[in-house]
Amino acid sequence: LRIITLQRRLAAAGRITLFASFFPPAWLLGTALLGSAKILENMELGHNAMHGQWDWMNDPEIHSSNWEWDTTQPAEQWKHSHNYIHHQFTNVLGHDNDIGYGILRMSRDQKWSPYNLGQPVYNALLALFFEWGVALHDLDIEAIRKGKKDIPLLKRQLRKIGRKVGKQSLKDYVMYPALTGPFFLQTLAANFTANIIRHVSTYGIIFC
């Protein structure tokens, strides 16, 4: 698929450009290229592949059973919370956790409380750190609060999230910055900024 080739070329161009991250224009360009690659990987490739959009091609590289996306939530948990829960109970309050992600009041049918006065702040934080919120999405925070969550299942989910978070953090915040040697901090900042670009863009696309 051409979109896969484009995404990989953008990522490679971004990583290579960041070897000159000591030079501000190169830092900006590398960050923009990397951020664009991450947006494409999450929204165009990961989302569609895990929906099974290309399963009919029988290509193991892009099959929904094999795809693991470039974000902190394990694909298996996303497919449960999104494909099964969200699409089966779309916008059904009490079932669809995508309604405000358990943080925002998005419907008049949700009981109002003074907590909701902080929604502009919660909304901004959710946009900036969306990847990390999504990582916890399948845990069903509401069920945990009510004491209805199966504890052995919760532990298994947390272990898988922990492994994925460790892998992603090592890649973005240790390995790739280390490859640029003395420009580690500049590349680290670029990787962090590219992820923020991805979070805000993804959040905006979802809520628009």
Side-chain angles (χ1 to χ4, degrees), residues 31-32 34-44 46-47 50-51 69-151 153-169 172-173 188-208:
T31 301
L34 187 56
S36 299
K38 285 177 171 289
I39 292 168
L40 279 180
E41 199 284 333
N42 278 187
M43 295 304 295
E44 187 62 33
H47 176 272
M50 291 189 296
H51 259 302
W69 58 348
D70 181 26
T71 189
T72 52
Q73 186 184 39
E76 172 192 346
Q77 294 184 22
W78 184 88
K79 285 185 282 189
H80 177 260
S81 62
H82 185 82
N83 292 359
Y84 177 68
I85 301 295
H86 171 63
H87 281 292
Q88 181 172 235
F89 301 105
T90 305
N91 295 331
V92 178
L93 195 62
H95 293 279
D96 184 5
N97 292 324
D98 278 27
I99 303 177
Y101 295 95
I103 297 172
L104 305 174
R105 181 175 183 261
M106 302 293 291
S107 168
R108 68 181 66 185
D109 295 323
Q110 292 173 280
K111 186 178 179 181
W112 186 89
S113 76
Y115 163 85
N116 301 126
L117 291 171
Q119 286 209 161
V121 176
Y122 314 148
N123 191 52
L125 291 173
L126 190 57
L128 289 172
F129 302 102
F130 191 54
E131 171 185 13
W132 304 95
V134 171
L136 304 177
H137 191 41
D138 196 42
L139 298 181
D140 195 347
I141 303 301
E142 189 64 26
I144 294 173
R145 281 201 296 257
K146 293 179 178 179
K148 296 181 179 180
K149 181 73 177 185
D150 181 73
I151 300 302
L153 172 61
L154 175 62
K155 289 179 179 179
R156 288 196 300 273
Q157 288 178 307
L158 286 171
R159 282 196 295 270
K160 289 181 179 179
I161 292 170
R163 287 195 292 269
K164 190 71 189 294
V165 166
K167 180 180 177 181
Q168 290 297 115
S169 299
D172 280 343
Y173 304 127
L188 175 64
N191 277 264
F192 180 78
T193 304
N195 278 323
I196 294 295
I197 291 171
R198 185 246 315 243
H199 298 165
V200 173
S201 299
T202 303
Y203 188 72
I205 291 168
I206 290 172
F207 276 88
C208 288

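FYI, the numbering just counts along the sequence from 1.
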[X] versus [Y], closest heavy-atom pair with distance:
| X | Y | value |
| --- | --- | --- |
| Leu153 | Lys149 | CD2-NZ, 4.1 Å |
| Asn97 | His137 | O-CE1, 3.3 Å |
| Leu154 | Leu139 | CD1-CD2, 3.9 Å |
| Ser169 | Trp132 | OG-CH2, 4.0 Å |
| Tyr203 | Ala127 | CD2-CB, 3.3 Å |
| Thr71 | Lys164 | O-NZ, 2.6 Å |

Q.
Can you confirm whether Arg108 is buried at CZ, in the sense that more than 12 heavy atoms of other residues, nucleotides or ligands lie under 6.0 Å from that atom?
A.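 No.
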
Q) Heavy-atom distance under 4.5 Å between the side chains of Asp70 and Gln168, does that happen here? A)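 They are in contact (side-chain heavy atoms under 4.5 Å apart), so the answer is yes.
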
Q. Is there a side-chain contact between Asn123 and Gln119 (heavy atoms, below 4.5 Å)?
A.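 No, every pair of side-chain atoms sits at 4.5 Å or beyond.
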
Distance check, rounded to the nearest 0.5 Å: [X] atom [atom1] versus [Y] atom [atom2]?
| X | Y | atom1 | atom2 | value |
| --- | --- | --- | --- | --- |
| Glu131 | Asp172 | CD | CG | 7.5 Å |
| Leu125 | His199 | CG | NE2 | 13.0 Å |
| Lys146 | Ile141 | NZ | CD1 | 13.0 Å |
| Asp150 | Ile144 | CG | CD1 | 11.0 Å |
| Asn191 | Thr31 | CG | OG1 | 8.0 Å |
| Ile99 | Arg105 | CD1 | CZ | 12.5 Å |

Q. Excluding sequence neighbours, so at least two apart, what forms ring-ring contact (aromatic ring centres under 6.0 Å, His included) with Phe192?
A.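 Per chain and number, Phe192 pairs via ring-ring contact (aromatic ring centres under 6.0 Å, His included) with no residue.
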
**Q.** Under the ring-ring contact (aromatic ring centres under 6.0 Å, His included) test, residues paired with Phe129 that sit two or more places apart
**A.**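 Partners of Phe129 by the ring-ring contact (aromatic ring centres under 6.0 Å, His included) criterion come out as none, since no residue qualifies.
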
(Q) Quick check on the 6.0 Å ring-centre criterion: do Phe130 and Tyr101 meet it? (A)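 Between Phe130 and Tyr101, the centre distance is under 6.0 Å.
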
Q. Tell me, which pairs form a side chain to side chain donor-acceptor pair (under 3.5 Å) where one or both residues lie in residues 72-82, sequence neighbours left out?
A.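 Matches after skipping sequence neighbours: His51-His82, Glu76-Lys160, His80-Asp138, His82-His87.
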
(Q) Test your reading of the model: is there a side-chain donor-acceptor pair from Tyr122 to the backbone of Leu117, 3.5 Å cut-off? (A)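 No, because the side chain of Tyr122 does not come within donor-acceptor range (under 3.5 Å) of the backbone of Leu117.
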
